[in-house]
Protein chains: 2
Amino acid sequence: MADIKSGPNPLFLREDQLYEGMELLFFAYRDFTAECDAILATYGFGRAHHRVIYFVARNPGISVAELLAILRITKQSLSRVLGQLVRENYIESRQSGKDRRRRLLSLTDQGQELEQRLSTVHRALLARAYREAGAESVDGYRQVLLGIIDETDRKRFAKG
Amino acid sequence: MADIKSGPNPLFLREDQLYEGMELLFFAYRDFTAECDAILATYGFGRAHHRVIYFVARNPGISVAELLAILRITKQSLSRVLGQLVRENYIESRQSGKDRRRRLLSLTDQGQELEQRLSTVHRALLARAYREAGAESVDGYRQVLLGIIDETDRKRFAKG
DNA sequence: ATTTTATGTCAGCCATGTTGACTTATATGC
DNA sequence: GCATATAAGTCAACATGGCTGACATAAAAT
């Protein structure tokens with residue numbers, strides 16, 4: 001009983017640390033997306049559009065099925081935002097040569113502009129957090145988040 | 001130009017590291033919430049209900065205004081889920097003695113049961129990630145996420 | 001020739017956010 | 001004590017982004 005004041009109570013601390021870890025993730029995710037959400041709104045887009053733009057930018061030539069696997073949403077949900085991005089000339093969808101059923105997605109110039117604008121915000125935010133936290137912290141951040149991520153998707157980060 | 005192969009190109013690596021950091025956050029958040037979402041669905045609840053239950057559990061006696069400040073949603077949005085939780089006897093709302101305009105929120109026994117069920121899932125998930133990553137990593141995780149969080153809310157974590 | 005796969009589309013539903021307008025009860029300040 | 005401010009709740013309407021189910025088309029694979 002005196003443990004709480006006189007010395008470390010591993011169980012108590014541990015549980016408290018876990019609750020803190022959950023909240024950190026909640027607040028960080030909320031604040032990470034806030035500024036980009038505001039920019040997207042001026043284009044008539046939402047967070048869903050950003051995800052599509054982001055993953056197409058990072059994986060030029062990605063197919064619709066591959067994109068669906070990353071986002072884990074239904075094709076009907078994707079279709080709504082992807083269709084809008086294609087119609088408004090942010091994303092280009094061209095037929096694959098090898099398998100002409102597949103549509104390969106890439107950003108148009110306009111899409112790249114928007115992607116850059118959004119990425120700049122995110123890069124700045126994260127770069128500041130990294131700088132303040134220091135290099136070893138960045139590795140810790142990486143390790144813990146990797147542990148939270150589903151094994152299937154963990155492979156995406158295999159390199160490090 | 002040879003930099004990319006022959007040695008570290010700090011700029012390239014840095015940018016790549018930042019992109020990785022963004023994706024880690026995206027995938028981790030998605031996977032962190034997935035299992036609880038499934039449990040909540042069996043109660044007819046969603047992620048919004050979980051947030052309310054969580055913050056009321058962690059802050060028993062919290063007022064509606066304080067809860068709104070944490071969640072950063074409108075009172076109309078909160079009202080929908082909070083009202084449901086009160087009606088279905090997961091949360092109790094009692095008048096404050098000092099200021100009778102205020103409603104102080106706390107979990108009922110039933111609410112605590114659900115909260116425990118959800119927390120157990122999250123604690124297990126995070127505990128495993130912490131264990132795999134190691135103690136120093138946990139501190140790094142904490143530092144980086146703190147840096148991402150809005151200064152206003154960073155104060156919530158002031159203790160450490 | 002048949003079946004499977006990749007994609008697209010229509011229609012409707014649900015959860016959860018938003019704005020705006022308004023009410024009620026209570027506290028606070030002049 | 002009266003006027004104003006604050007805490008909370010409510011009604012209505014709307015947007016976003018998930019979901020399911022059903023179905024169509026083109027092309028690849030068997």
Side-chain angles (χ1 to χ4, degrees), chain A residues 26 29-30 33-34 36-56 61-88 91-105, chain B residues 26 29-31 33-34 36-56 61-88 91-106:
Chain A
F26 166 73
Y29 192 79
R30 190 196 61 182
T33 54
C36 283
D37 286 352
I39 294 173
L40 288 156
T42 70
Y43 288 77
F45 294 151
R47 205 176 287 181
H49 300 84
H50 189 182
R51 289 186 198 123
V52 172
I53 288 173
Y54 176 85
F55 285 107
V56 170
I62 192 174
S63 73
V64 172
E66 287 164 345
L67 192 50
L68 284 173
I70 290 178
L71 298 174
R72 292 216 194 136
I73 57 174
T74 60
K75 68 177 170 179
Q76 295 92 324
S77 294
L78 174 58
S79 167
R80 190 160 34 202
V81 288
L82 180 55
Q84 199 183 340
L85 289 166
V86 170
R87 277 195 305 280
E88 299 182 19
I91 286 186
E92 189 177 47
S93 165
R94 67 179 196 289
Q95 212 167 32
S96 165
K98 300 177 207 164
D99 181 341
R100 280 152 49 220
R101 289 172 303 182
R102 292 160 66 97
R103 303 298 147 123
L104 307 185
L105 307 172
Chain B
F26 166 73
Y29 192 80
R30 189 195 60 183
D31 293 344
T33 53
C36 284
D37 285 352
I39 294 172
L40 289 156
T42 71
Y43 289 77
F45 293 151
R47 204 177 288 180
H49 299 84
H50 189 181
R51 289 186 199 124
V52 171
I53 287 173
Y54 176 85
F55 284 109
V56 169
I62 191 174
S63 73
V64 172
E66 286 164 347
L67 191 49
L68 284 173
I70 289 178
L71 298 172
R72 293 217 195 136
I73 57 175
T74 58
K75 69 177 168 180
Q76 295 92 327
S77 295
L78 174 58
S79 167
R80 190 160 35 204
V81 288
L82 180 54
Q84 200 183 340
L85 289 166
V86 170
R87 278 194 306 279
E88 299 181 20
I91 286 186
E92 190 178 45
S93 166
R94 66 177 197 292
Q95 211 167 33
S96 166
K98 298 177 210 164
D99 181 341
R100 279 151 51 221
R101 288 171 304 180
R102 290 159 67 98
R103 304 298 147 124
L104 307 185
L105 307 171
S106 53

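A, B, ... follow the sequence lines: proteins, then strands. Residue 1 opens every chain.
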Under 4.0 Å from any atom of DNA chain D, heavy atoms only: list the residues of residues 66-79 of chain A that qualify, in numerical order.
->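 Within this stretch, A:Arg72, A:Ile73, A:Thr74, A:Gln76, A:Ser77 sit under 4.0 Å of the strand.
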Residues from residues 40-47 of chain B sitting under 4.0 Å of DNA chain D, heavy atoms only?
->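 None - not one residue of the stretch has a heavy atom sitting under 4.0 Å from the strand.
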Is the closest side-chain heavy-atom distance between B:His49 and B:Leu85 below 4.5 Å?
->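 They are in contact (side-chain heavy atoms under 4.5 Å apart), so the answer is yes.
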Got B:Val52 and B:Leu71 here, is their nearest side-chain heavy-atom distance under 4.5 Å?
->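 In short, these two side chains touch, coming nearer than 4.5 Å.
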State which residues pass side-chain contact (heavy atoms from CB on, under 4.5 Å) with [X]; sequence neighbours excluded, sorted by chain then number.
X	answer
A:Arg101	A:Asp99
B:Glu88	B:Phe45, B:Gln84, B:Tyr90
B:Glu66	B:Ile62, B:Ser63, B:Arg102

Protein-nucleotide distance ([X], atom [atom1]; [N], atom [atom2]), rounded to Å:
X	N	atom1	atom2	result
A:Leu82	D:dT16	CG	C1'	17 Å
B:Arg87	D:dG9	CZ	P	12 Å
A:Gln95	D:dT25	CD	C1'	12 Å
A:Arg80	D:dG17	CZ	P	8 Å

Pairs touching residues 39-49 of chain A that satisfy salt bridge (Lys or Arg N to Asp or Glu O under 4.0 Å), sequence neighbours left out |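 Of all non-adjacent pairs touching residues 39-49 of chain A, those that pass salt bridge (Lys or Arg N to Asp or Glu O under 4.0 Å) are A:Asp37-A:Arg47.
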If you take all heavy atoms of [X] and [Y], which pair is closest and at what distance?
X	Y	value
B:Phe26	A:Ile70	CE2-O, 4.3 Å
A:Ile91	A:Val56	CD1-CG2, 4.0 Å
B:Tyr43	B:Ile39	CD1-O, 3.3 Å
B:Gly61	B:Leu104	O-CD2, 3.4 Å
B:Ala48	B:Val81	CB-CG1, 3.8 Å
B:Gly46	B:Leu40	O-CD1, 3.5 Å

Nucleotide interval of DNA chain C bounded by contacts with chain A (heavy-atom cut-off, under 4.0 Å) =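 Listed 5' to 3', the contact boundaries are C:dT5 to C:dC10.
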Please name all residues satisfying salt bridge (charged side-chain N to carboxylate O under 4.0 Å, His left out) with [X], sequence neighbours left out, ordered by chain then number.
X	answer
B:Arg100	none
A:Arg80	none
B:Arg103	none

Using heavy atoms to find the nearest nucleotide of DNA chain C for B:Val81 and A:Ser93 separately, return the residue whose nucleotide is more 5′.
->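 Closest to the 5' end, via its nearest nucleotide, is A:Ser93.
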To the nearest 0.5 Å, tell me how far A:Arg72 CZ sits from B:Asp31 CG.
->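 One finds 5.0 Å between CZ of A:Arg72 and CG of B:Asp31.
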How far does the helix from C:dA1-D:dT30 to C:dC30-D:dG1 bend, going by the axes of its first and last five pairs, to the nearest 10°?
->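 Angle reported: 30°, given to the nearest ten degrees.
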Check whether any side-chain nitrogen or oxygen of A:His49 sits under 4.0 Å from OP1 or OP2 of D:dT16, and answer yes or no.
->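 For A:His49, the contact criterion (side-chain N or O under 4.0 Å from OP1 or OP2 of D:dT16) is not met.
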Heteroatom pairs (N/O) under 3.5 angstrom, protein to nucleotides 4-6 of chain D:
| unit_1 | atom_1 | unit_2 | atom_2 | d |
| --- | --- | --- | --- | --- |
| D:dT6 | O2 | B:Arg101 | NH1 | 2.7 |

